[in-house]
Structure formats: C-alpha cells, structure tokens
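Labels below follow one simple rule: chain letters A, B, ... track the order of the sequence lines, proteins then strands, and each chain is numbered from 1.
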Amino acid sequence: MSVRVRFAPSPTGFLHIGGLRTALYNYLFARHHGGTFVLRIEDTDQNRYVEGAEHDIITSLEWAGMTIDEGPHKPGDVGPYRQSERKEMYHKYAKQLVDDGHAYYAFDTTEEIDEMRERLKKSGNPSPSYDSITRQSMKNSLTLPQDEVEKRLAAGDEYVIRLKVPRRETVKFEDLVRGIVSFETAGLDDQVLMKSDGMPTYHLANVVDDHTMGITHVIRGEEWLSSAPKHMLLYKAFGWEPPTMAHLPLIMSPSGGKLSKRKAESEGIPINTKDYIIGNYEPNALINFLAYLGWSPGDDSEIHSMEELCKLFTLDRVSKGGAVFNHKKLMWYNEHYIRESSVEELLVRVKILMQDAGFEVVDDNYLKTVIELLHDRVSKVDEFVSMGAFFYQAPEEYDPNALKKWKDDSAGFVKAYQAKIEEFSEEDFVAANLKSALEETVSENEVGFGKVMMPVRIATTGQGFGPDLFASLELLGKQETLNRIDKALEKLN
RNA sequence: GCCGCGUUCGUCUAGGGGUCCAGGACGCCGCCCUUUCACGGCGGUAGCACGGGUUCAAAUCCCGUACGCGGUACCA
C-alpha cells in the first residue's frame, strides 16, 4: 500500500513555525516513500476561523519548497479537503456510532455540566469529568427514556453526541517514534464528537477523514498524544484499521515550554512562517535547520538540500525529547546558504530589495560587484542593502562608534591621501593603486596603517567596518570618492 | 491533582552492554590569516539528572526518585 500522509492545520492564524516543521516531516516521509502529501484544512471551530489563514498556509508551504499533492486548492479523489465542507459525512458516521451503541446523545447544557463539576469537586473528586460514571446522572440518551430522547430530537433541542468510552479497558498502540504507549480508558472522558452547532470536534473529524482519505500514517505533534487513545477507540468502534501513529517532539522556547507566540517574540524568534518570508530568510536554510530540530540522519553531516533530506529521512531517527529553537544556529545555516548562492542568483533578489529600499539600480554590474564585496559578510540577504547602502548613497551621518577612531590628526592624513589619489587618472583609480597610495601615506607620516585607513573608511563609507576599502573606493569611482572625502573633511572638523 | 511522554556538552544531536576517561555541529574562548570588519583555517571549553539493581562489563537494560514538557474543553 502506498504511503499517504496529511498535514492538517486549523486556519486560526498564520502558519506557526512548529506547524511548518510538522508539515516538513510529513512531506519528507511522503517523498521518502514515494507517497502522497495531503493538505487538509481543519476548520471545525467556527469561532476561531481566521480569514486568509488557508492562503497563508499554502503560500508558506510553497515558499519552503514543499509541494502539496492534494489539498483544497488542488483536489484529488478524496475531497473535499476542508472539514467544513464534509459536514454531512460526520453526521452520518456519528449517527452510525450512536446506532451501534458506541456513542450517545447528550442534552446537558454547559451550566448543567459546570454544576456537575462543581458538585463533584466539593465531594472530593479533584478532576471531575463526563465519563462512564457521571454520565449515568446526566441528561442523555442512556438515562432518558427512549421516547423523550426522540421527542427532544424531533423538537430540535440542542444536543451533542458523545463517545461512550468503555469503563475499564487498556488502549495500547505502537507509536513510530515512541514505541508502545498505553492508556487506561478510566482516565478518559466521554469526548464530545458532534458539537451542538452541528460541527464535529477534531477527534471525530480527524478519524473519519484520515480513514476516508486513505491516510496511512498520522504524523503530528506530541500535544496530540494524550488524545490518541480516544482516536484508537473510535477506529475500533468503526471497525477500521487505524493508521500508523507518530507523535513528534515539541519545539521548545529557549526559556522552556512550548514555543508560544509570546515567548518566541520576547526571545527574538520569529514565530510565523510569514515572518521568515518577509524577514528575507533563506527557505532552504530554514528547512535544513528545522529538519535537524528533532531529527538527525545519524552521521556527522549538517548540510542537506530538501532533495537529500527526502532520501535520508526516516521516522525511527526522530528524537523523543523536545528541542529548543536555537536562532543562532538558524543564522549559521542562513549564512551558509547565502555563501553557496551564486552572485547571479543573489543579483535578482538583492536588486529588488535595493529598489524597495529606495535605491535606484541603474547598473547590474555595479550591483554585482557590491554583492561580491559583501558576499561573505552578510547573514541575511537584506543586509546587502543595509551594509551596501553606502555604495548608492554618500554617508549623511557618520557612525558614532566609528568616530571614536577619528582623532585630531585624522583629517591631516585623509588630506594627504586625498592629494595622492587625486593625481590618478580614471583608469589608474583601481584597488591596487589605491592601496599603495595609502601605504605611501602611512610610511611618509610614520604611522600605523590603521591610523590612515580607518579615517578614510569613515569619510567615504560612514562606517568603521565593511568590505575591502580599496575595492570599495574603486567601485565608487574617483569623483565620488573625492567628493565624499571633501564633505567629510568639512563635516568632521 | 490525575494521565501520558521525556531527560547525553549552554543548545541541536551521535551513541542499541565492551572499540566511549563519550563523537559531530551551533555558540563561546584562543591562535593563524587579514595592516579594518567579516570569511576561512587550526585548537580549546563543556555533558551521560540522581539513586538502586541486572551483568565479568551499563550513557546504553530494569526499577524508583527528581526535574521538564504535554494533556486534562461543545479548541485544534
């Protein structure tokens, strides 16, 4: 049987970075086995529905380099791919469960349930729930006379359908990352399957869908592990073969705990995939990083393309413990992939960023040289803009930090250097000559190299660091260089 | 509270009883390269949560404890 996996997010906001990793593991598993990667939108909670979320999910996955084989925008044979559009199906199956005695109608109001909880809590039960004991004293089709149940249903009374969890049973199943896990049904409550608004809960929908969509492996976050036994009970009640389970370790925040929006942001970690897109991160870097957050191929390798990851990925090599998100390591990957990119590839992207920043890019070759000069020093592509701005604009301000190196004698050295390079013809205005001119200035004044070089750098670039100064000046050209020096001399004295 | 899952350098991880006084990567520190800042190269720092077993031998197996995380909804 060929592998079919699904990524099943709920459209309650932007695609979370943890969700992206879950999607990635599903994707890698599918590709590794030549299987199918399905996107299913779990929009059964109408209150939390966010407009545009589905679009964000799809574009985020595509940006990251995952191709969705089937989804709401790309229907296959087992659609629809939005749970809200499969409503009828859930009704049918829930009804079947009731008829077979595995589920029942419950008419209790929220208030009545709250009362029950209060009452039980007072009498010493620390965690009261609607279960095999308490259901006997509640209003449901198990306690009410048959004709009243029918009357209520006919009258359109609000009701939910609950799973009739067996009283004492052990639910055991094999999880591909954790091994055998087992739960006692005594600790489970009679989970609501159909809500009073006519929508199914996640639990019902997920089981019905995974079965009817032919899903062979359920790969999802560990937060689902606790409800997995309920799902197993459902498969059993339906008489269906459950898919193979694999619960992934959670991504943790550096300060501990599940990486939540609030935590992540206070720790400088972008939380939504969208933030990485607009933050100009390299998608292959993010993917490489995420793949290794909770998984490793078992050798000493660190760098792999999506294609290689597909070949290497197996679920038995997923680790069990939560993994802390390490932003610095992500940046290391990001730098690596930028360095791997050719200047031509970079040119296309940097040009757009430059233009967005308001710089006019008239000469591609000029930009190309800028990129070459900066290639090894940027961490993200947008730094080509921030670090390379001086190639497009004379400094208005001088970095106060760099200015610490502008001493009383600096202006004199800069003037001396200026005098030398002024003599160069346009053709001679090249890095090698510019460097020797500086060396001459240095020896004539009997000072250290830095005493002259730094002031020249500050005057021409406004910064105390940057790419090779002489190559930079060559690119800037004679006139521009001289102008900048004039201006600096004027401003800094 | 109850249920479940987990625990190897600061972080991600390798390790499935002897070859492990535990390997790699990020970070950090140092040196080299560079008469800037980076890149790069080389080196260093640092860890098997604890306690009991089992065994000739345990990071590896078993049992406890501690700690962490998740779940405990008509949310997913």
Asker: Please measure how far the C1' atom in B:C29 lies from the corresponding atom in B:G16, and state the result in whole Å.
Answerer: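 After rounding to an integer number of Å, I get 35 Å for this pair.
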
Asker: Whole angstrom is fine here: how far is it from CG in A:Asp197 over to P in B:A73?
Answerer: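 Value for this atom pair: 18 Å.
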
Asker: For residues A:Tyr202 and A:Trp224, establish whether the separation of their ring centroids is below 6.0 Å.
Answerer: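 Yes, close enough.
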
Asker: May I have the distance from A:Asp299 (atom CG) to B:C12 (atom P), rounded to whole angstrom?
Answerer: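 Checked: the CG to P distance equals 19 Å.
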
Asker: Which label fits B:G15, syn or anti, where anti is any glycosidic angle not within 90° of 0?
Answerer: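 Anti.
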
Asker: Is the phosphate of B:U36 approached by A:Lys451 (side-chain N or O, under 4.0 Å from OP1 or OP2)?
Answerer: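 The answer is no; no side-chain N or O of A:Lys451 sits under 4.0 Å from OP1 or OP2.
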
Asker: Just one of A:Val98, A:Val149, A:Asp190, A:Leu97 clears the side chain to side chain contact (heavy atoms under 4.5 Å, CB included) bar with A:Tyr104, so which one?
Answerer: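 So, applying the side chain to side chain contact (heavy atoms under 4.5 Å, CB included) to A:Tyr104 and each of A:Val98, A:Val149, A:Asp190, A:Leu97, only A:Asp190 qualifies.
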
Asker: Over how many whole Å does the gap from A:Leu188 atom CG to B:A73 atom C1' extend?
Answerer: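 The answer, rounded to whole Å, is 14 Å.
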
Asker: Counting any heavy atom closer than 4.0 Å, what does A:Asp43 reach on the DNA or RNA strands: base, sugar-phosphate only, or nothing?
Answerer: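 Nothing, no nucleic acid heavy atom in range.
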
Asker: Identify which nucleotide among B:C5, B:A73, B:C75 has an atom closest to any side-chain atom of A:Arg117, counting heavy atoms from C-beta outward.
Answerer: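 Side chain of A:Arg117 sits closest to B:A73.
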
Asker: Whole-Å distance between B:U13 C1' and A:Asp300 CG?
Answerer: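 In whole Å, B:U13 C1' and A:Asp300 CG are 10 Å from each other.
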
Asker: With sugar-phosphate meaning primed atoms plus P, OP1 and OP2, does A:Pro467 contact a base, only sugar-phosphate, or nothing at under 4.0 Å between heavy atoms?
Answerer: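 The answer is base, as A:Pro467 lies within the cut-off (heavy atoms under 4.0 Å) of a base atom.
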
Asker: Say you draw a straight line from CG of A:Asp45 to OG of A:Ser84; how long is it, rounded to the nearest 0.5 Å?
Answerer: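 Atom-to-atom, A:Asp45:CG and A:Ser84:OG are 12.0 Å apart.
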
Asker: May I ask you to verify if any side-chain N or O of A:Lys230 is less than 4.0 angstrom from the OP1 or OP2 atom of B:A73?
Answerer: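 For B:A73, neither OP1 nor OP2 has a side-chain N or O of A:Lys230 closer than 4.0 Å.
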
Asker: Indicate whether OP1 or OP2 belonging to B:A76 is found under 4.0 Å from a side-chain N or O atom of A:Thr44.
Answerer: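 Yes, A:Thr44 has a side-chain N/O under 4.0 Å of OP1/OP2 on B:A76.
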
Asker: Suppose we call a contact any N or O donor and acceptor under 3.5 Å apart; does that hold for the side chain of A:Ser227 and the base of B:G71?
Answerer: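 Flag unset: no donor-acceptor pair detected.
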
Asker: Looking only at the side chain of A:Arg457 (C-beta and beyond, no hydrogens), which of the listed nucleotides B:U36, B:G71, B:C74 gets closest?
Answerer: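 Shortest atom-to-atom distance from the side chain points to B:U36.
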
Asker: Any idea if B:C67 is syn or anti, going by the 90°-from-0 cut?
Answerer: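 B:C67: anti glycosidic orientation.
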
Asker: When we call it a touch if two heavy atoms are under 4.0 Å apart, what does A:Met252 touch: a base, just sugar-phosphate, or nothing?
Answerer: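 Touches sugar-phosphate only.
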
Asker: Identify the two heavy atoms, one from A:Arg6 and one from A:Val218, that lie closest to each other, and give their separation to 0.1 Å.
Answerer: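 Smallest interatomic distance, heavy atoms only, reads NH2-CG1, 3.8 Å.
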
Asker: Have a look at A:Val378 and say if it touches a base, only the backbone sugar-phosphate, or nothing, with a 4.0 Å heavy-atom cut-off.
Answerer: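 Nothing: the residue A:Val378, judged by heavy atoms under 4.0 Å, touches no strand.
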
Asker: Can the ring centroids of A:Tyr235 and A:His211 be said to lie less than 6.0 angstrom from one another?
Answerer: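 Between A:Tyr235 and A:His211, the centre distance exceeds or equals 6.0 Å.
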
Asker: If you look at every strand shown and take non-hydrogen atoms under 4.0 Å, does A:Val160 touch a base, only sugar-phosphate, or nothing?
Answerer: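 It contacts base atoms.
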
Asker: Can you figure out which of B:A25, B:C5, B:A76 approaches the side chain of A:Trp332 most closely?
Answerer: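 The nucleotide sitting nearest to the side chain is B:A25.
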
Asker: Looking across every strand, which nucleic acid part, if any, lies under 4.0 Å from A:Glu302 by heavy atom: base, sugar-phosphate, or nothing?
Answerer: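 Base, at least one base atom sits under 4.0 Å.
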
Asker: What nucleic acid atoms does A:Ser129 come within less than 4.0 Å of, heavy atoms only: base, sugar-phosphate, or nothing?
Answerer: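 Result for A:Ser129 = nothing.
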
Asker: Looking at the side chain of A:Glu223, which of B:G27, B:G70, B:C5 is the nearest nucleotide?
Answerer: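 Ranking B:G27, B:G70, B:C5 by closest atom to the A:Glu223 side chain puts B:G70 first.
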
Asker: From CG of A:Leu204 over to P of B:C75, roughly how many Å is that when rounded to an integer?
Answerer: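 Going from A:Leu204 (CG) to B:C75 (P), I get 13 Å.
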
Asker: For B:U34, take OP1 and OP2 only and decide whether either is under 4.0 Å from a side-chain N or O of A:Arg377.
Answerer: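 Negative; the distance criterion is not met.
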
Asker: With a non-hydrogen cut-off below 4.0 angstrom, is A:Ser10 in contact with a base, only sugar-phosphate, or nothing?
Answerer: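 The answer is sugar-phosphate, as A:Ser10 gets under 4.0 Å only of primed atoms, P, OP1 or OP2.
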
Asker: Among A:Tyr292, A:Phe313, A:Trp295, whose ring pair (Phe, Tyr, Trp, His ring centres under 6.0 Å) with A:Tyr25 holds?
Answerer: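 Of A:Tyr292, A:Phe313, A:Trp295, ring pair (Phe, Tyr, Trp, His ring centres under 6.0 Å) with A:Tyr25 is met by A:Phe313 alone.
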
Asker: Does A:Ser319 make a side-chain N or O approach to OP1 or OP2 of B:U13 shorter than 4.0 Å?
Answerer: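 Yes, because at least one side-chain N or O of A:Ser319 sits under 4.0 Å from OP1 or OP2 of B:U13.
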
Asker: Below 4.5 Å, heavy atoms only, C-beta onward: do A:Arg117 and A:Lys122 meet side chain to side chain?
Answerer: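 Contact flag for A:Arg117/A:Lys122 side chains = no.
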
Asker: Mind checking if A:Gly187 touches a base, just sugar-phosphate, or nothing, with heavy atoms under 4.0 Å?
Answerer: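 No contact at all - A:Gly187 keeps every heavy atom at 4.0 Å or more from the nucleic acid.
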
Asker: Once you apply a heavy-atom cut-off of 4.0 Å, does A:Glu158 come out as touching a base, just sugar-phosphate, or nothing?
Answerer: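 No contact.
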
Asker: How about A:Arg82 and A:Glu54: do any of their side-chain heavy atoms sit closer than 4.5 Å?
Answerer: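 They are in contact (side-chain heavy atoms under 4.5 Å apart), so the answer is yes.
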
Asker: Using only side-chain N and O atoms of A:Arg178, determine if any of them is under 4.0 Å from OP1 or OP2 of B:G4.
Answerer: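 No, no such contact exists.
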
Asker: Hey, would you say the A:Phe289 and A:Phe325 ring centroids sit under 6.0 Å apart?
Answerer: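 Between A:Phe325 and A:Phe289, which both carry aromatic rings, the centre distance is below 6.0 Å.
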
Asker: Report the distance from atom CG of A:Asn326 to atom P of B:G27, rounded to the nearest whole Å.
Answerer: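 In whole Å, B:G27 P lies 9 Å from A:Asn326 CG.
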
Asker: Does A:Thr110 put a side-chain nitrogen or oxygen below 4.0 Å from OP1 or OP2 of B:C74?
Answerer: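 The answer is no; no side-chain N or O of A:Thr110 sits under 4.0 Å from OP1 or OP2.
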
Asker: Considering only side-chain heavy atoms of A:Tyr202, which listed nucleotide, B:A76, B:G15, B:G70, is closest?
Answerer: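 Nearest listed nucleotide: B:A76.
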
Asker: So what does A:Asp468 hit on the nucleic acid, given a heavy-atom distance under 4.0 Å: a base, only sugar-phosphate, or nothing?
Answerer: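 Answer is base: heavy atoms of A:Asp468 come under 4.0 Å of a base.
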
Asker: Measure from CD1 on A:Ile303 to C1' on B:C26 and round the result to the nearest Å.
Answerer: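 About 11 Å, once rounded to whole Å.
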
Asker: Could you check how far CD of A:Glu222 sits from C1' of B:G70, rounded to whole Å?
Answerer: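 Roughly 6 Å, once rounded to whole Å.
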
Asker: With both distances under 3.5 angstrom, what nucleotide forms a Watson-Crick or G-U wobble pair with B:G43?
Answerer: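 Pair assignment: B:G43 / B:C29.
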
Asker: For a quick check of understanding: with a heavy-atom distance under 4.0 Å over all strands, which category does A:Gly321 fall into, base, sugar-phosphate or nothing?
Answerer: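 Sugar-phosphate contact only - A:Gly321 comes under 4.0 Å of backbone atoms but never of a base.
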
Asker: Would you mind classifying the nucleic acid contact of A:Arg220 as base, sugar-phosphate or nothing, using non-hydrogen atoms under 4.0 angstrom?
Answerer: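 The answer is nothing, as A:Arg220 stays clear of every strand by at least 4.0 Å.
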
Asker: Under 4.0 Å, heavy atoms only, any strand: does A:Lys258 hit a base, just the sugar-phosphate, or nothing?
Answerer: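 Sugar-phosphate contact only.
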
Asker: If you compare every side-chain N and O of A:Arg162 against the phosphate oxygens of B:C74 (OP1, OP2), does one of them come in below 4.0 Å?
Answerer: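 Yes, such a contact exists.
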
Asker: Is any side-chain nitrogen or oxygen of A:Lys435 closer than 4.0 Å to OP1 or OP2 of B:U35?
Answerer: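 So the side chain of A:Lys435 is within the cut-off, an N or O lying under 4.0 Å from OP1 or OP2 of B:U35.
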
